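Keep in mind that what you see is a predicted model, and the values were worked out from it rather than measured. Just so it is clear: chains get the letters A, B, ... in the order the sequence lines come, proteins before strands, and each one is counted from 1.
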Number of protein chains: 2
Amino acid sequence: MRERKISESTIHRLSHYYRALNTLEKEHFETISSKELAKREKLTPAQVRKDLSFFGSFGTRGLGYPVKELKGRIAKILGIDRTWNVALIGVGNIGSALVSYKEFQRQGFNIKVLFDSDQRKIGSNHKGITVLDTDHLEEELQKNKIELVVLAVPASAAQNIVDHVVHCGIKAILNFAPIKLKVPDDVEIRTENMAMELEYLSFTLVNNKKGERKKT
Amino acid sequence: MRERKISESTIHRLSHYYRALNTLEKEHFETISSKELAKREKLTPAQVRKDLSFFGSFGTRGLGYPVKELKGRIAKILGIDRTWNVALIGVGNIGSALVSYKEFQRQGFNIKVLFDSDQRKIGSNHKGITVLDTDHLEEELQKNKIELVVLAVPASAAQNIVDHVVHCGIKAILNFAPIKLKVPDDVEIRTENMAMELEYLSFTLVNNKKGERKKT
DNA sequence: TATTTTTTGTGAAACCTTTCACATTTTTGT
DNA sequence: ACAAAAATGTGAAAGGTTTCACAAAAAATA
Ligand SMILES: NC(=O)c1ccc[n+]([C@@H]2O[C@H](COP(=O)([O-])OP(=O)(O)OC[C@H]3O[C@@H](n4cnc5c(N)ncnc54)[C@H](O)[C@@H]3O)[C@@H](O)[C@H]2O)c1
Ligand SMILES: NC(=O)c1ccc[n+]([C@@H]2O[C@H](COP(=O)([O-])OP(=O)(O)OC[C@H]3O[C@@H](n4cnc5c(N)ncnc54)[C@H](O)[C@@H]3O)[C@@H](O)[C@H]2O)c1
């Protein structure tokens with residue numbers, strides 16, 4: 001096995017490189033240097049090279065990286081060279097927005113099933129997908145070979161659902177409930193916490209951080 | 001001036017402490033030790049103490065931190081001991097979900113104005129707020145003393161709008177468009193990129209990161 | 001009141017991430 | 001074919017963040 005210990009920041013930057021390479025491909029670039037790629041992503045060339053070097057040597061000295069090939073390599077690293085079966089639980093305000101969002105589908109995150117506990121919603125149709133009853137959650141997750149779950153239920157319901165989701169072997173969860181959920185070590189859960197981002201912005205506003213950057 | 005250089009992680013942890021303290025207050029705790037607070041947030045006690053120590057000495061040795069007071073101190077640090085006037089631009093799928101989300105209002109982020117460029121949406125009402133025409137963006141942002149902008153427009157429209165928003169002095173933006181926006185150094189912009197989170201999850205799935213943690 | 005226990009606040013150490021700097025390789029130009 | 005220029009890949013240095021460990025202070029106990 002190759003040696004692992006890749007930081008979260010590196011993975012996030014790979015996502016950025018991937019988008020940049022997509023654009024570059026559309027602009028008909030054949031190759032790109034770390035310098036130019038860094039400039040587009042507001043990073044340093046060394047950072048770009050170091051990030052990529054964790055996964056192999058993809059470039060050519062004196063020339064740079066082959067756009068199309070590097071894009072493919074990163075897709076493979078990120079696991080987006082395939083599609084994933086996704087279930088969305090909680091078809092409320094945010095859940096509905098997510099179902100309507102075509103970008104996920106296009107990126108290979110295929111929302112296959114929807115769940116809700118509200119009788120008025122069960123059986124209804126969202127973008128061609130029927131809303132199922134959470135009572136049949138585990139059974140349906142398995143039947144549809146779901147690999148990734150998006151959670152958009154109220155915070156109070158989230159932990160209970162996560163327990164079921166984990167119980168049937170799901171290893172990746174994207175959570176929108178503003179709560180810290182308990183999962184076993186081998187399950188990755190990412191929480192999208194908008195309130196926290198607003199608080200960060202609020203902090204920068206009251207601390208005028210950017211204005212008085214250097215320490216006095 | 002006090003010496004600054006607080007990391008993003010510290011601020012995010014303050015947000016977590018704040019929520020934990022809220023809960024603790026409801027549970028009628030008078031004081032809390034760094035040990036207990038750390039346990040609730042899955043951190044180390046040293047981390048909690050170090051984070052807080054950047055802002056002062058709020059605890060009592062042998063006893064811990066006074067829950068109510070510490071909560072107030074953190075609120076002040078984060079700038080959430082007040083309300084902020086917020087404008088939301090782009091009342092589509094995700095925009096509508098955000099307007100309906102009462103939690104923001106309750107947290108002091110007061111969505112005062114909505115904007116859209118779609119004639120069918122302009123003049124319509126969302127949760128008691130009328131949608132205004134983006135043609136009058138700068139004028140209305142100023143009139144309503146907006147301090148923070150939430151951007152929920154298509155990626156293709158985002159940069160142009162940001163330029164206007166920045167032009168009338170806004171210093172904090174929460175962006176949902178999956179694109180890297182250019183803003184001056186003194187403007188803080190946070191981008192909520194769900195696709196990137198999904199990609200991170202996808203990476204952990206293909207790399208089975210959690211399972212084979214230790215380097216071989 | 002004296003002793004033990006608890007717990008903070010904080011320098012120093014350990015750890016992790018980014019940047020530097022340069023040998024090496026390949027391309028480009030003459 | 002050779003020299004100059006461009007650009008990678010990577011150890012080492014620098015910079016940041018987290019954890020350790022302990023003195024100091026307060027609380028609890030006897
Ligand atoms: N709306 C937003 O803009 C927003 C923003 C940030 C975070 N969030 C979070 O996202 C989550 C959903 O928010 P929302 O605004 O869409 O709420 P919502 O009430 O509109 O939707 C929640 C949905 O979950 C369903 N539900 C409730 N209990 C369930 C259960 N046990 N099993 C299955 N489904 C269940 C409800 O029937 C409803 O359809 C909440 O945790 C909220 O805090 C929402
Ligand atoms: N829907 C989701 O779940 C989701 C998830 C992640 C990111 N996003 C991002 O959020 C943004 C909005 O997504 P959406 O699904 O709500 O799209 P949407 O098309 O439903 O909404 C976009 C809204 O912006 C308005 N608009 C377009 N140009 C405008 C302009 N120049 N000025 C003002 N308003 C303008 C449109 O009229 C529309 O009401 C997009 O950038 C999208 O990529 C959406």
Side-chain angles (χ1 to χ4, degrees), chain A residues 2-17 20-21 24 29-67 69-71 73-74 77 200 203 209 213-215, chain B residues 2-17 20-21 24 29-67 69-71 73-74 77 200 203 209 213-215:
Chain A
R2 233 194 298 137
E3 202 191 299
R4 313 210 159 273
K5 201 58 200 276
I6 307 298
S7 76
E8 183 179 317
S9 340
T10 293
I11 303 308
H12 279 153
R13 281 192 300 269
L14 288 185
S15 285
H16 281 128
Y17 302 152
L21 289 164
L24 286 161
F29 280 77
E30 294 268 301
T31 58
I32 181 83
S33 66
S34 59
K35 195 174 159 198
E36 180 60 25
L37 190 51
K39 202 171 138 206
R40 294 196 172 215
E41 292 298 317
K42 288 221 190 169
L43 298 165
T44 64
Q47 179 83 83
V48 172
R49 295 200 299 275
K50 180 66 74 168
D51 283 340
L52 296 176
S53 78
F54 291 132
F55 302 97
S57 307
F58 308 133
T60 307
R61 291 169 189 216
L63 185 62
Y65 299 91
V67 170
E69 192 199 308
L70 183 59
K71 189 188 142 194
R73 298 293 201 111
I74 294 179
I77 293 163
Y200 185 87
F203 172 79
K209 235 185 64 188
R213 204 75 207 236
K214 299 274 160 250
K215 51 181 74 172
Chain B
R2 233 196 297 135
E3 202 190 297
R4 314 211 158 273
K5 200 57 200 277
I6 307 298
S7 76
E8 183 178 318
S9 340
T10 293
I11 303 308
H12 279 151
R13 282 192 299 269
L14 288 185
S15 286
H16 281 127
Y17 302 153
L21 289 164
L24 286 161
F29 281 75
E30 295 267 300
T31 58
I32 181 85
S33 66
S34 59
K35 195 174 159 197
E36 181 59 26
L37 190 50
K39 202 171 139 207
R40 295 197 171 214
E41 293 299 317
K42 289 222 189 167
L43 299 165
T44 63
Q47 180 84 83
V48 172
R49 296 201 297 275
K50 180 67 67 161
D51 282 340
L52 296 175
S53 78
F54 291 133
F55 303 97
S57 307
F58 308 133
T60 306
R61 289 169 189 217
L63 184 62
Y65 300 90
V67 170
E69 191 198 309
L70 183 59
K71 189 188 141 195
R73 297 292 200 111
I74 293 179
I77 292 163
Y200 185 87
F203 171 80
K209 237 186 60 187
R213 204 82 207 231
K214 298 276 162 250
K215 51 180 75 172

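Nucleic acid contact class of B/Ser34 (heavy atoms, under 4.0 Å, all strands): sugar-phosphate only.
Here the side chain of A/Lys5 is nearest to one of D/dA7, D/dA26, C/dC16, namely C/dC16. For B/Gln47, whose side chain is taken as the heavy atoms from C-beta onward, the closest listed nucleotide among D/dT18, C/dT10, C/dT26 is D/dT18. Closest approach to the B/Thr60 side chain among C/dG9, D/dG9, D/dA26 is made by D/dA26 (side chain taken as heavy atoms from C-beta onward).
Going from atom CZ of A/Phe54 over to atom P of C/dC16 covers 12 Å, rounded to whole Å. Between the CZ atom of A/Phe58 and the P atom of D/dG9 there is a distance of 9 Å, rounded to whole Å. Taking atom CG of residue A/Leu63 and atom C1' of nucleotide C/dT27, one finds them 7 Å apart after rounding to whole Å. Whole-Å rounding puts the A/Leu43 CG to C/dT18 P distance at 9 Å.
Dashed line: the shortest gap from a side-chain N or O of A/Tyr65 to OP1 or OP2 of D/dA6 is not under 4.0 Å. B/Thr44 has a side-chain polar atom (N or O) that falls below the 4.0 Å cut-off from OP1 or OP2 of D/dT19. In terms of phosphate contacts, B/Arg49 brings a side-chain nitrogen or oxygen within less than 4.0 Å of OP1 or OP2 of C/dT8.
Along DNA chain C, the nucleotide closest to A/Arg61 and the one closest to A/Arg13 are compared, and the more 5′ of them pairs with A/Arg13. Position along DNA chain C of the nearest nucleotide to B/Lys50 versus B/Ile32 favours B/Ile32 as the more 5'-ward residue.
Remark: A/Arg49 is not positioned above the aromatic ring of A/Phe55, lacking an NZ or CZ atom under 6.0 angstrom from the ring centre and at most 45 degrees off the axis. A cation-pi contact, defined as under 6.0 Å to the ring centre and within 45° of the axis, is absent between A/Arg13 and B/Phe203.
Between A/Ala20 and A/Leu37, the shortest heavy-atom contact is CB-CD1, 3.7 Å. Taking all atoms of both residues into account, the shortest heavy-atom contact from B/Val48 to B/Tyr17 is CA-OH, 3.4 Å.
In A/Glu30, the CD atom is not crowded: 12 or fewer heavy atoms of neighbouring residues, nucleotides or ligands sit closer than 6.0 Å.
Base pairing of C/dT27 is made with D/dA4, judged by Watson-Crick or G-U wobble geometry with both donor-acceptor distances under 3.5 Å.
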